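Note that the structure is predicted; figures quoted are calculated from it, not measured. Reckoned from all heavy atoms, side chains included, excluding hydrogens, waters and symmetry mates. Chain naming here is simple, since letters A, B, ... match the order of the sequence lines and numbering starts at 1 in each.
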Amino acid sequence: MYFLRRLVLTVPLLLLISLLAFGLLRLAPGGPFDRERKPASPEIERNLARKYHLDESFILQYLRYLGVGYERDADGRRHWFEGGLVRGDLGPSYRYRNHTVNDIIAAGLPVSMTLGCLAFCFALGVGLPLGFVTAVNRGRWPDYVGSLLAILCICIPGLVVAPLLVVGLAVKWRWFPVALWTSPWHAVLPTIALGLYFSGRIARLLREGMLNVMRSEFITTARAKGMGESAVLLKHGLRIAILPVVSYAGPLLADLLTGSFVIESVFQIPGIGVPMVNSSLNRDYTLVVGLVLLYAALLVGLNLVVDLVYRLLDRRVKYD
Amino acid sequence: MKFPTESPFAWRRGLRHFYDRPSPARRGVWIAILALALACVFSTGCGPRETRADLVIINGMEPESLDPAILTGVADMRVGNALFEGLTRLDPRTADPVPGLAYRWEITPDGRTYTFHLRSNLVWSTGEPLRAEDVVYSWLRALDPNTASSYASQLFYLKNAEDYNSGKLKDPDQVGVHAPDPLTVRVELNSPTAFFLDLCAFSTLAVVPRQAIERYGDRWLMVQPVPVSGAYELRGWRLGDKIRLHKNSRYWDAANTHCEWVDFLPVSSPTTALNLYETGAADVVWDKDLVPIELMEELLKRHDFHTFPYLGLYFFRFNVTRAPFTDPRVRQALALAIDKARITRKITKGGELPADNFTPPGTARYHAPPGLGYDPERARRLLAEAGFPGGRGFPAFQYIFNAGAGGPASVHAKIAIEMRQMWHDELGIEMELKQLEWSVYLAAQNKLDFDLCRSSWIGDYNDADTFLNMWMSNSGNNRTGWKNARYDELMREADLQTDLARREQLFQAAETILAHDEIPAVPLYFYVGFEYHDETVLQGLYPNILDMHPINAIYKERSASLSKPRSSP
């Protein structure tokens with residue numbers, strides 16, 4: 001019931017987000033058809049505005065975007081809006097006028113998702129063991145080395161890691177291609193560059209989680225009952241200690257799946273991370289709203305999944 | 001409490017315990033993660049692995065469109081011209097117009113009527129014959145208000161074209177382009193337009209397929225196969241990835257089209273472009289903005305790095321409606337105090353020419369008159385005459401320029417800082433710098449909401465007109481608030497001339513007003529074009545003033561293998 005209610009609440013939330021994105025963008029100075037070279041006559045600009053309905057009132061533009069409502073032609077006949085958000089049509093891109101927003105998302109999202117999943121797995125694969133080892137060995141050398149590594153991963157941003165990886169592994173030694181997205185080989189460097197930061201965060205989170213859990217009473221009880229240390233750590237400790245990681249992983253995955261501007265531009269990857277940023281710089285209204293909605297839907301959806309996983313891991317958690 | 005009580009590596013045994021007795025929930029999570037990872041690897045690995053094209057070109061920004069009527073950028077045009085041809089096309093060496101779809105033409109002595117004769121063997125890439133009606137359709141479509149073409153003005157030289165575009169005139173028959181028979185196009189112009197053959201090679205006037213456009217609307221380029229009139233067919237276009245072209249075997253000059261497959265990569269980072277070129281993933285880099293300025297001195301020493309004069313101007317605008325820039329003496333003083341040679345030597349470094357006027361050297365049918373030059377002494381005198389001796393009492397003012405990722409934006413900042421220093425040292429005046437995000441900068445420029453504003457202009461066709469008519473009072477690209485009746489009159493008179501020598505004189509008189517007397521904007525330098533390509537491997541790519549390079553002329557030396565990575569010098 002709880003999950004169903006949350007699912008239903010998502011709809012008005014997404015509507016509100018679309019309205020905000022739609023409105024805020026129009027408040028920003030400049031429009032989608034501004035160029036360094038202005039069209040030679042004001043009529044040309046009027047033609048553009050008319051074609052993309054930018055000369056209409058804000059409310060009408062939004063209703064047209066949603067695909068709800070109608071307009072009257074010169075003879076007073078009603079024409080119901082076709083397409084629109086309610087029919088899953090996110091409209092034409094104002095910048096890339098031969099493409100629709102659906103075209104752009106359909107081409108870019110699988111790429112960003114693939115890279116995001118790879119980076120997510122990389123982050124978990126490196127971060128979880130690192131966090132566990134540092135917590136279990138608290139105060140010994142594996143802790144110091146591991147924690148240092150984790151801190152380094154967090155402190156050096158992708159903006160720095162990515163070019164360093166390219167210079168070292170791709171330009172100098174030529175183990176990997178420098179950029180582009182045509183074979184699995186091309187995915188290696190971007191995966192590392194994208195995942196490294198998050199592996200550091202996950203390692204830190206798990207370490208803190210483990211240390212906190214090991215101080216709790218039920219662990220002492222387990223030990224008092226004579227349970228083996230390894231069973232205490234893995235069966236009781238890790239299960240609770242991993243919860244902060246799980247709640248972090250939801251938004252993280254949403255973030256990773258929708259692409260990264262830095263990594264995609266350094267490695268020339270055709271995802272949706274670059275359009276996400278450029279569309280707002282270009283005032284490509286429809287593309288911005290489309291991508292914001294996509295991100296919001298993913299975020300809401302993955303948070304729901306996180307709550308489900310919580311319940312599976314920690315039976316003390318109850319939703320009603 | 002001591003922790004942990006057992007050996008520090010005891011958790012390893014625990015790990016075994018963990019897998020021995022899996023709980024369904026935990027197992028579910030692990031299986032999900034594992035499946036996700038496998039899915040990823042397979043989705044990148046199992047896709048059709050594309051082979052490298054014969055020619056891979058790094059083309060700069062992602063084209064906004066490949067529809068000739070819609071596109072506006074230089075990068076867009078380079079691809080668009082390979083797909084759709086006009087009545088003329090550009091010569092790869094000189095960028096002069098040479099016969100394209102039309103093999104010959106007649107011009108009446110008054111220069112206002114052109115009769116083009118089409119080649120008789122023209123077909124679309126899909127096999128249908130290409131006729132004169134297709135030319136008429138393409139031009140009228142570019143003018144149609146519903147097409148909303150930003151560059152419709154390239155056709156305003158045609159009779160009644162502007163009225164048709166603005167909707168004042170509904171009947172397309174009144175527009176000055178007709179097809180008296182399937183192989184003839186007759187064009188009537190408003191005035192003798194000396195560069196009309198150049199315009200016929202321009203994208204907006206290219207010939208496009210009526211049926212595909214009427215059937216698929218704005219998405220017509222996304223539905224394969226796209227019928228094309230040019231040397232190459234469009235085989236794929238993914239934003240941010242590549243545009244893939246394949247030779248059009250039905251093109252009239254297919255015998256001289258060399259490369260079978262061509263890829264255009266939209267790379268916007270100069271470093272990535274250089275890395276791709278250095279590792280052999282690309283054959284050509286040909287955008288002037290794709291050169292890392294920090295490496296310019298190194299690059300200039302290389303045999304595969306080419307620079308050449310380019311029809312482009314870097315300048316800044318005054319807002320002449322704001323005091324004290326209402327006074328031409330103040331504008332002259334500021335212009336005279338800028339050591340432009342220092343800017344090209346210290347900042348841009350690519351061999352750019354300091355600009356003293358608005359039309360670049362090498363412009364066809366034209367020699368520019370002298371401008372103001374560099375004379376700080378005279379600058380101080382003029383400023384004193386205007387009421388600001390030694391810069392005293394000069395109000396604070398602002399210089400706006402655009403920010404952005406990549407190389408060229410930092411050049412704007414460096415030039416701004418250099419000019420501020422020059423004006424401070426020579427004239428004793430203080431300038432504030434303001435960097436704006438691109439759209440905000442354009443909006444400020446359009447609304448005339450600035451004191452001084454960085455700008456640039458790239459010539460559309462090789463004629464002085466493209467650099468001078470923007471300063472007429474009614475031009476949307478004036479954006480300085482400057483209006484001069486004498487200038488407008490000279491420009492209009494030049495437009496009506498059939499005598500090219502007289503036309504040049506009128507243009508020179510106009511440019512003298514602009515660059516010497518009134519100076520509503522200050523030219524700083526003329527751009528140069530930059531390219532990386534190895535001439536021992538790649539042939540048919542010539543530097544020219546428009547920086548346009550027809551793809552069909554480019555070929556590779558047979559002996560050379562391009563997949564071999566190059567080593568840096």
Side-chain angles (χ1 to χ4, degrees), chain A residues 28-30 33-44 47-48 51 92 95-100 103-104 107-108 110 114 117-118 121 124 132 136-137 140 166 170-171 174 177-184 187 214 229-231 233-235 265-266 268 270 274-275 281 283 309 312-313, chain B residues 3-6 8 10-11 13-15 17-18 25 29 33 36-37 40-41 43-45 49-50 64-67 70 72 145-146 148 150 152-153 156 162 165-166 218-219 221-222 238-241 265 267-269 272 275-276 278-279 281 437-440 442-443 446 456 475-477 565:
Chain A
F33 300 112
D34 287 353
R35 298 287 182 276
E36 180 144 27
R37 179 189 302 262
K38 246 173 105 108
S41 82
E43 272 79 20
I44 295 180
N47 290 340
L48 269 169
K51 181 171 169 100
R95 173 81 175 184
Y96 304 107
R97 286 170 59 184
N98 300 125
H99 300 253
T100 61
D103 286 335
I104 295 174
T114 305
C117 285
L118 285 172
C121 295
L124 287 182
F132 189 76
V136 171
N137 294 295
R140 294 204 197 86
V166 171
V171 175
R174 313 230 164 155
V178 287
L180 305 184
W181 188 258
T182 43
S183 71
M214 297 319 284
E229 183 61 23
S230 48
L233 284 176
L234 281 167
K235 193 156 180 243
S265 42
V266 169
Q268 196 63 33
V274 170
L281 293 179
R283 307 286 187 268
V309 173
L312 289 177
L313 285 174
Chain B
F3 168 81
T5 47
E6 284 182 32
W11 58 270
R13 249 177 293 139
L15 210 61
H17 167 89
F18 184 73
V29 172
I33 290 175
L36 212 63
C40 292
V41 174
S43 67
T44 47
R49 200 169 165 167
E50 284 185 337
E64 289 174 32
S65 174
L66 296 178
D67 180 340
I70 305 295
T72 57
N146 294 319
S150 310
S153 49
F156 285 0
E162 189 163 1
N165 179 251
S166 67
D218 287 341
R219 280 185 84 251
L221 279 154
M222 307 299 291
R238 181 153 77 162
L239 290 187
D241 187 21
L265 306 184
V267 176
S268 49
S269 147
T272 306
N275 285 339
L276 284 168
E278 283 289 296
T279 53
E437 185 235 304
W438 178 245
S439 300
V440 181
L442 288 179
N446 282 339
S456 53
S475 165
N477 282 306

(request) Let me know if Leu221(B) has heavy atoms under 4.5 Å from chain A in its side chain, its backbone, both or neither. (result) side chain
(request) Identify which part of Asn275(B) has an atom lying under 4.5 Å from any heavy atom of chain A, answering side chain, backbone, both or neither. (result) both
(message) So which residue, Leu239(B), Ile70(B), Val440(B), ends up with the most heavy-atom pairs under 4.5 Å with chain A?
(response) Leu239(B)
(message) Please identify, among Ser439(B), Ser153(B), Ser475(B), Ala152(B), the residue contributing the most non-hydrogen atom pairs under 4.5 Å to chain A.
(response) Ser439(B)
Can you give me the closest heavy-atom contact between [X] and [Y], atom names plus distance?
X         : Y         : result
Asn165(B) : Ile44(A)  : OD1-CG1, 3.4 Å
Glu162(B) : Ser41(A)  : OE2-CB, 4.0 Å
Leu48(A)  : Ser150(B) : CD1-OG, 3.8 Å
Ala148(B) : Lys51(A)  : CB-CD, 3.6 Å
Gln268(A) : Gly240(B) : NE2-O, 3.6 Å
Thr272(B) : Ser265(A) : OG1-O, 4.0 Å

Spacing of [atom1] belonging to [X] relative to [atom2] belonging to [Y], to within rounding of 0.5 Å:
X         : Y         : atom1 : atom2 : answer
Phe33(A)  : Thr72(B)  : CZ    : OG1   : 11.0 Å
Thr279(B) : Arg174(A) : OG1   : CZ    : 6.0 Å
Asn477(B) : Glu36(A)  : CG    : CD    : 9.0 Å

(request) Not counting sequence neighbours, which residues clear salt bridge (Lys or Arg N to Asp or Glu O under 4.0 Å) with Asp103(A)? List them please. (result) Arg219(B)
(request) Mark yes or no for whether Asn98(A), through its side chain, and Leu66(B), through its backbone, hold a donor-acceptor pair below 3.5 Å. (result) yes
(request) Check Arg95(A), His99(A), Arg97(A) against Glu64(B) for a side chain to side chain contact (heavy atoms under 4.5 Å, CB included) and give me the one that passes. (result) Arg95(A)
